[in-house]
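Only one structure is covered here, and it is reproduced in the block below.
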Amino acid sequence: MRIDIPHPWPRTEADAIAIQDRLRALVDRAGPGPQDPRLVAGLDVAYAEGSDRVAAAVVVLDARTLEVVERATAVGEATFPYVPGLFAFRELPVLVEALSRLQTVPELLLCDGQGLAHPRRFGLACHLGVLTGIPAAGVAKTTFVGGYDAAALDPRRGAGAPLVDAGETVGRALRTRDGVKPVYVSTGHGIDLDTACRHVLALAPKYRLPQTTRLADRLSRDVLRAHATG
DNA sequence: GCGACAG
DNA sequence: ATCTTGTCGC
């Protein structure tokens, strides 16, 4: 698939923020998104320590069997420093490159990070969703913006509590394993929160993180290591 | 003003 | 994100 980045690459934080503020209007928060998708993709990026080298991985799974359908990777240089809130500008280029090498077209993109649960409501999952036009959601390991009542969150798998920021529900703390810290799901583009959480839960039958994320994480690290070694 | 801050 | 051994538990 071909993916166009409809904006010049920012060099400053102000430029990056301006891009987010502009693209935010293109986000579809309503969904509902795919109800019974077959192809779901997980995306992640691994970083090297002493350099700006980054490796991205996309793993497409059959949502019903959780079997791997396709994998694609890309290696490159980080084009932006890590700045909380501008995280997408660091990972987007290499992720888009990996996505473009895919032969199949996923029905849903699950990103490692936030969607709407972002200070300007435009996290990585929103950005990737708008760029590709594919429904996308973010699954983060920690919260960024949006608090929730941890004490009131039922300890059982499947339980959820709204993430509220500035009076707005921006995502959900979702328990994927009994008694284990939840993951933080937020809509990216073209899917509603309930649907996104349903898929995340189905993709995480055994571990805290969905299988999409776990496989993409492992693959990106393997590729980075292989590239460093030769 | 100060601290915290997705990966 | 990455650096890192063992260890407790199912």
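Just so we're on the same page: letters track the sequence lines, and every chain starts at 1.
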Next on the checklist: Donor-acceptor check, side chain of A:Ser186 to backbone of A:Gly115, threshold 3.5 angstrom: yes or no?
Outcome noted: yes

Checklist entry - For DNA chain B, what string of dots and brackets results from 5' to 3' when Watson-Crick and G-U pairs need both distances under 3.5 Å, crossing pairs get [ ], and pairs with another strand get |? => result .......

Checklist outcome for this item: Per-nucleotide protein contact along nucleotides 3-10 of chain C, 5' to 3', at a 4.0 Å heavy-atom cut-off (B base, S sugar-phosphate only, - neither), is S-------

Item to check | Nucleic acid footprint by protein, nucleotides 2-7 of chain B - heavy-atom cut-off 4.0 Å, B for base, S for sugar-phosphate alone | outcome: ---SBB

Checklist outcome for this item: Base-paired stretches in DNA chain C with three or more consecutive Watson-Crick or G-U pairs, both distances under 3.5 Å, amount to none

Checklist entry - For DNA chain B, what residues of residues 153-175 of chain A have any heavy atom nearer than 4.0 Å? => result none

Item to check | Approximate separation, where rounding is to 0.5 Å, of A:Arg175 CZ and A:Arg156 CZ | outcome: 10.5 Å

Checklist entry - Atom OG1 in A:Thr79, atom CH2 in A:Trp9: separation rounded to 0.5 Å? => result 5.0 Å

Using atom types as modelled, flag every donor-acceptor pair under 3.5 Å from a side chain in residues 11-19 of chain A to any protein atom, sequence neighbours excluded.
{"from": "A:Thr12", "atom 1": "OG1", "to": "A:Asp15", "atom 2": "N", "distance (Å)": "3.1"}
{"from": "A:Thr12", "atom 1": "OG1", "to": "A:Asp15", "atom 2": "OD2", "distance (Å)": "3.2"}

Next on the checklist: Please tell me whether A:Tyr184 and A:Tyr148 form a close aromatic pair, meaning their ring centres lie under 6.0 Å apart.
Outcome noted: yes

Item to check | Residue pair A:Asp21, A:Arg24: steps toward the salt bridge (charged side-chain N to carboxylate O under 4.0 Å, His left out) verdict | outcome: CA-CA 5 Å; A:Asp21 287 339; A:Arg24 184 176 50 238; 2.9 Å; yes

Next on the checklist: Please tell me whether A:His127 and A:Phe89 form a close aromatic pair, meaning their ring centres lie under 6.0 Å apart.
Outcome noted: yes

